[in-house]
Amino acid sequence: MIDMLNAEMITGFQEHLLHWYRKNHRDLPWRRTSNPYYIWVSEVMLQQTQVDTVIPYYEEFISRFPTMHELARAPQEEVLKRWEGLGYYSRARNLQSGVQEVVEKYNAKVPENKKDLLSVKGVGPYTAGAILSIAYQKPEPAVDGNVMRVLSRIFLIDEDITKVKTRQTFETILYDLIPEMEASAFNQALMEIGALICKPKGPICEECPLAHLCRSKAEGTQLHYPVKKKKMKPKDEAFVAVVLKDTQEKLLIQKRPEKGLLANFWEFPLLEMSDTQEDPLKVVKSYFNKKNHDLIIEWTKSEQTVTHTFSHLKWHVNIVVGTLREGTLNLGKMSQWISEKALKEYPFPVPQQKVMSIVGIDY
DNA sequence: AATACGTGGCA
DNA sequence: TTGCCAAGTAT
């Protein structure tokens, strides 16, 4: 690789890429600012998430938390509510705690040096590089999936891009390629090429400003790159969601643990089933009977079931609706009765929203 | 180094 | 329906 990176080639790469970018880049909300906090928010939202999905979330998030101070002092519940539906919710929790850290430790000034920036919660090598280059014009690489796809095709790099270490290979090349004075446009241009031209399935090489430099194009092997290990199939898990009402039409909900999957989100109590064959109604009755013998609950099983696929899990959620006629539940700190109307104020993950939709709860 | 961590779009 | 894909980070 290094042998191709002579000065002439580097200059050509930069010129063609930047010229194309100036002419063809999209007008995105976060491209209208250089406020490091706004760049930060956008970069975190864009992690593993497509631009079209992010735009409305970004607008609302910035409008509700226009400065780091407002995000820092907001209740986590509300931050999660603003993130609801975006996925990878640890991003939201880490962003808020990262912002709190910057407010307290750096007097609300996003660090301009890589070491301090990387120490901030939720800021990894990509996000640090993006903030440094886009907000502060520093010549630092920002290697995401787009950049790895584009460069792997141009330079025939066949390292497995699912391995974290592979990122460093691309960073090394980029330190030679980044123009000292236009790191922001350069980094965004590389990602923009990846998103609009050098697409995973159907690259539009006829429109690519770098096509004349592209070794995979010369060979006709564009689709062999990037090299990527196949993903594992999501593991099946079965549950019963218990939608329990009391005589005043209030619903029982509980908060998920503060770590792990869907941390700190609310849900209808979820009972684990050993296998998909089990009778949901039986599981629920036995659970509440063990808990308290004096309860009188009318149960109805829903015939419909929710399936929801995460990156690594596939949930099969049976649904049982119950009305509590007599008796009192001993509620822990993580459970409470709330009105259907109040549900809207609480963050619920998508699988729970699907349950609501099936049992006719307006959310 | 390998795995956990969400969701929606599309072929 | 299934599989792949999208501006990664924490542990």
Side-chain angles (χ1 to χ4, degrees), chain A residues 25-26 28-31 38-58 80 83-95 97-98 117-131 133-135 141-150 159-168 170-171 184 187-196 198-203 223 226 228-237 256-265 306-315 347-354:
Chain A
H25 72 80
R26 292 167 291 180
L28 303 172
W30 45 89
R31 287 186 174 154
Y38 293 168
I39 302 298
W40 184 3
V41 171
S42 72
E43 292 302 341
V44 172
M45 285 187 170
L46 285 161
Q47 289 167 13
Q48 302 290 286
T49 309
Q50 303 190 118
V51 166
D52 289 342
T53 306
V54 167
I55 291 175
Y57 282 92
Y58 172 82
L80 290 179
W83 211 272
E84 182 184 67
L86 247 195
Y88 284 148
Y89 301 105
S90 67
R91 290 184 296 175
R93 290 179 285 115
N94 289 155
L95 175 60
S97 81
L117 205 43
L118 280 172
S119 77
V120 174
K121 187 73 85 181
V123 177
Y126 165 74
T127 304
I131 293 172
S133 60
I134 297 171
V143 178
D144 72 339
N146 286 310
V147 172
M148 290 196 280
R149 185 171 58 258
V150 172
E159 287 181 63
D160 180 353
I161 66 160
T162 67
K163 294 189 186 303
V164 179
K165 186 165 182 293
T166 301
R167 190 199 68 252
Q168 294 174 19
F170 293 93
E171 287 177 346
S184 171
N187 281 342
Q188 293 185 76
L190 229 32
M191 293 189 273
E192 197 79 336
I193 289 280
L196 302 181
C198 197
K199 298 190 270 191
K201 297 295 182 55
L223 296 187
K228 209 174 193 179
K229 188 179 55 195
K230 299 234 181 294
K231 277 187 195 146
M232 246 182 40
K233 202 205 296 188
K235 204 181 98 189
D236 291 298
E237 286 185 353
R256 293 180 61 86
E258 60 187 16
K259 285 192 179 300
L261 185 66
L262 306 172
N264 291 339
F265 269 71
V306 165
T307 73
H308 185 81
T309 307
F310 301 90
S311 343
H312 56 306
L313 297 173
K314 183 167 181 177
W315 275 11
F348 283 90
V350 169
Q352 293 292 332
Q353 293 172 18
K354 291 181 181 173

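Just so we're clear, the structure is a prediction, and the values are computed from it rather than from any experiment. The chains referred to below are lettered A, B, ... by the order of the sequence lines, with proteins before strands, and numbering in each begins at 1.
Taking atom C1' on both dC5(C) and dG6(B), the two are 14 Å apart, rounded to the nearest angstrom. Separation of the C1' atoms belonging to dT9(C) and dA1(B) is 15 Å when rounded to the nearest angstrom.
Annotation: side chain to side chain contact (heavy atoms under 4.5 Å, CB included) contacts of T49(A) (sequence neighbours excluded): T53(A), V54(A), L86(A), R91(A). Here A128(A) pairs with L117(A), L118(A), V123(A) under the side chain to side chain contact (heavy atoms under 4.5 Å, CB included) rule; sequence neighbours left out.
V51(A) comes within 4.0 angstrom of a nucleotide base, judged by non-hydrogen atoms across all strands. At a threshold of 4.0 angstrom between heavy atoms, the contacts of W30(A) include nucleobase atoms, whether or not backbone atoms are also involved. D52(A) comes within contact range of no nucleotide atom at all, as no heavy-atom separation falls under 4.0 Å. I134(A) comes within 4.0 angstrom of no nucleic acid atom, judged by non-hydrogen atoms across all strands. Contacts of R31(A) with the nucleic acid, taken as non-hydrogen atoms under 4.0 Å apart, include base atoms.
Side chain of K235(A) to main chain of K314(A): no donor-acceptor pair is present (N/O by atom type, distance under 3.5 Å, no hydrogens or angles). Within the 3.5 Å criterion, the main-chain N or O of L313(A) finds no donor-acceptor partner in the side chain of E237(A). Listed for the T166(A) side chain is a donor-acceptor partner under 3.5 Å among the backbone atoms of D160(A). E171(A) contributes no side-chain N or O that, together with a main-chain N or O of V143(A), makes up a donor-acceptor pair within less than 3.5 Å.
To the nearest angstrom, C1' of dC5(C) lies 15 Å from CG of L46(A). Atoms CG (L118(A)) and P (dT9(C)) sit 9 Å apart, rounded to a whole Å. Spacing between atom CG of N94(A) and atom P of dA4(B) amounts to 18 Å, rounded to whole angstrom units. Nucleotide dA2(B) holds its P atom 13 Å from the CE atom of M232(A), rounded to whole Å. Regarding E43(A), its CD atom lies at a distance of 11 Å from the C1' atom of dG8(C), rounded to whole Å. With rounding to whole Å, I161(A) atom CD1 is found 16 Å from dA1(B) atom P. One interatomic measurement links the two molecules: NZ of K163(A) to P of dT3(B), which rounds to 10 Å at whole-angstrom precision. The nearest whole Å value for the distance from the NZ atom in K230(A) to the C1' atom in dC5(C) is 13 Å.
Residue R149(A) has a polar side-chain atom (N or O) positioned under 4.0 Å from OP1 or OP2 of dA6(C). Contact annotation: K231(A) does not reach the phosphate of dA2(B) (side-chain N/O to OP1 or OP2, under 4.0 Å). A close approach under 4.0 Å does occur between a side-chain nitrogen or oxygen of K314(A) and OP1 or OP2 of dT2(C).
When the nucleotides dC5(C), dA1(B), dT9(C) are ranked by their closest atom to the side chain of P125(A), dT9(C) comes out on top.
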Point to revise | Stepwise ring-ring contact (aromatic ring centres under 6.0 Å, His included) test for F265(A) and Y89(A) | key: CA-CA 9 Å; F265(A) 269 71; Y89(A) 301 105; 4.3 Å; yes

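Each of D144(A) and V164(A) was matched to the nucleotide of DNA chain C holding its nearest heavy atom; the match closer to the 5' end belongs to D144(A).
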Check your understanding: Quick one: what's the B/S/- string for nucleotides 5-11 of chain B, heavy-atom cutoff under 4.0 Å, read 5' to 3'?
Key -> BBBB---

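Checked against a 6.0 Å centroid threshold, the rings of W83(A) and Y57(A) do not count as neighbours.
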